[in-house]
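A quick write-up on the structure given underneath.
Sequence lines set the chain letters: A, B, ... in the order given, protein chains first and strands last, and positions in each chain run from 1.
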Number of protein chains: 2
Amino acid sequence: MSLKYAILVLLRSEPGSGYDLAQRFKLTLGNFWNASHQQIYLELKKLSEEGLLEYTVEHQTDKPDRKVYSITSLGISALQGWMRIPVSPPRINDAFLVKLYGAQPQDLEIIRAELVQHRIIHRQQLEKFQALEQFFIQADVARRREFQMPYLTLRRGIKSEEAWLSWADEVESTLFQ
Amino acid sequence: MSLKYAILVLLRSEPGSGYDLAQRFKLTLGNFWNASHQQIYLELKKLSEEGLLEYTVEHQTDKPDRKVYSITSLGISALQGWMRIPVSPPRINDAFLVKLYGAQPQDLEIIRAELVQHRIIHRQQLEKFQALEQFFIQADVARRREFQMPYLTLRRGIKSEEAWLSWADEVESTLFQ
DNA sequence: TCAAACATGTAAGCCGTTACATGATTCT
DNA sequence: AGAATCATGTAACGGCTTACATGTTTGA
């Protein structure tokens with residue numbers, strides 16, 4: 001639904017190819033918006049057909065050709081229009097919580113092992129966010145202003161992971177002590 | 001993908017109709033697993049065809065007939081099998097964060113209004129969770145043991161909403177002061 | 001009288017994932 | 001020699017949403 005607008009946001013700040021966008025997703029929006037490269041290529045195609053994007057084929061001697069997409073004025077209008085339409089808070093589908101909810105005594109050891117695995121993932125995610133935060137904090141005022149919005153989304157990620165880890169502690173001490 | 005197992009979890013603890021399940025979802029798993037009634041009816045049909053569920057038609061004089069589904073032994077095995085397979089942490093698709101990430105100075109007032117709306121939703125959600133928590137805390141030991149797993153998922157909801165609200169405070173004081 | 005709750009579904013379409021497919025260059 | 005990175009896609013399938021569809025009873 002709004003992969004469309006996520007792409008428009010990224011291309012408004014700088015043109016790029018499908019491959020570029022997939023990379024930029026990982027570093028930025030990817031923390032709160034999921035998108036595979038297949039989906040991105042498909043969406044880029046659709047958006048050009050709709051006239052929200054245009055592209056030029058860049059020939060490269062050393063690497064394969066790449067299609068560089070830019071946002072059109074129609075695309076910018078579409079994005080500005082979307083900004084004004086309220087969105088719903090995200091729907092959550094958390095399979096691990098379904099498991100925990102339905103766990104019986106015989107399942108506890110498995111749950112524990114899976115909790116350990118998830119904890120590793122969340123811890124790593126948190127550390128990645130904290131490293132990015134350090135860059136922001138150490139930047140000069142101009143850069144801090146420039147990256148204010150990305151920084152706020154980063155703060156969301158940090159608080160979210162901290163909350164998860166703190167919950168995991170609660171679960172461990174409730175079930176396994 | 002695991003709506004299937006969410007339904008099996010609910011039906012293992014008690015048989016019920018599609019309508020019942022839709023209600024039970026709202027009160028329990030619905031906080032971390034989304035499911036519309038259409039989806040539930042479809043899935044119930046599929047699961048009976050697979051032999052994981054069976055149903056009897058209950059005729060009611062005062063209300064429309066209802067199909068009451070129960071889990072079969074095949075269903076119980078499928079659920080136990082699923083418990084042993086690790087699941088991935090949920091993918092997040094948060095449109096509001098995309099907006100915030102891409103917001104320009106002229107969008108700030110709209111963002112502020114939308115933040116206010118989201119805050120109301122999250123606050124209400126938190127209050128609902130806290131009310132449920134009170135029931136648990138005031139229950140006797142036997143009931144607290146019975147509802148230990150649902151309680152832990154409730155704690156997840158509480159921490160998650162608290163983290164969101166605390167982040168919203170940060171956003172407000174960063175952007176609007 | 002009208003809304004809400006009870007009760008169960010079908011159909012169309014979109015969105016997204018997984019798997020498949022190809023091929024060059026660069027680094028270890 | 002093999003893995004990783006650069007680069008772009010198609011196809012099949014499944015999951016989920018939105019809209020459509022119908023009809024009863026109870027309470028305000």
For residues 91-98 of chain B, which side-chain donor-acceptor pairs fall under 3.5 Å, sequence neighbours excluded?
{"residue": "D94(B)", "atom": "OD1", "partner": "F96(B)", "partner atom": "N", "Å": "3.1"}
{"residue": "D94(B)", "atom": "OD1", "partner": "L97(B)", "partner atom": "N", "Å": "3.4"}

Item to check | Non-neighbouring partners of F135(B) that pass ring-ring contact (aromatic ring centres under 6.0 Å, His included), sequence neighbours left out | outcome: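 Applying ring-ring contact (aromatic ring centres under 6.0 Å, His included) to F135(B) gives none.
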Under-4.0 Å side-chain N/O to phosphate OP1/OP2 contact, [X] with [N]:
{"X": "K46(B)", "N": "dG15(D)", "answer": "yes"}
{"X": "R91(B)", "N": "dG16(C)", "answer": "no"}
{"X": "S17(B)", "N": "dT8(C)", "answer": "yes"}
{"X": "K4(A)", "N": "dC15(C)", "answer": "no"}

Of the nucleotides [options], which one has an atom closest to the side chain of [X]?
{"X": "Q38(B)", "options": "dG9(C), dC16(D), dG16(C)", "result": "dG9(C)"}
{"X": "Y19(A)", "options": "dT5(D), dA7(C), dG9(C)", "result": "dT5(D)"}
{"X": "N34(B)", "options": "dA7(C), dT10(D), dT17(D)", "result": "dT17(D)"}

Next on the checklist: Here's one to test your reading of the geometry: is the NZ or CZ of K159(B) within 45 degrees of the ring axis of W164(A) and under 6.0 Å from its centre?
Outcome noted: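 No.
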Next on the checklist: If the condition is salt bridge (charged side-chain N to carboxylate O under 4.0 Å, His left out), which residues does D169(B) pass it with, not counting sequence neighbours?
Outcome noted: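 R119(B).
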Checklist entry - Given atom CG of L3(B) and atom P of dC16(D), what is their separation to the nearest angstrom? => result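 Computing the L3(B):CG to dC16(D):P distance gives 6 Å.
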Item to check | For Y41(B), the rest of its hydrophobic cluster, which grows through side-chain links under 4.5 angstrom | outcome: Y19(B)
Next on the checklist: I'd like to check the side chain to side chain donor-acceptor pair (under 3.5 Å) partners of R12(A); sequence neighbours left out, ordered by chain and number.
Outcome noted: Q104(B)
Item to check | Five-pair end axes of the helix from dT1(C)-dA28(D) to dT28(C)-dA1(D), angle between them (10°) | outcome: 40°
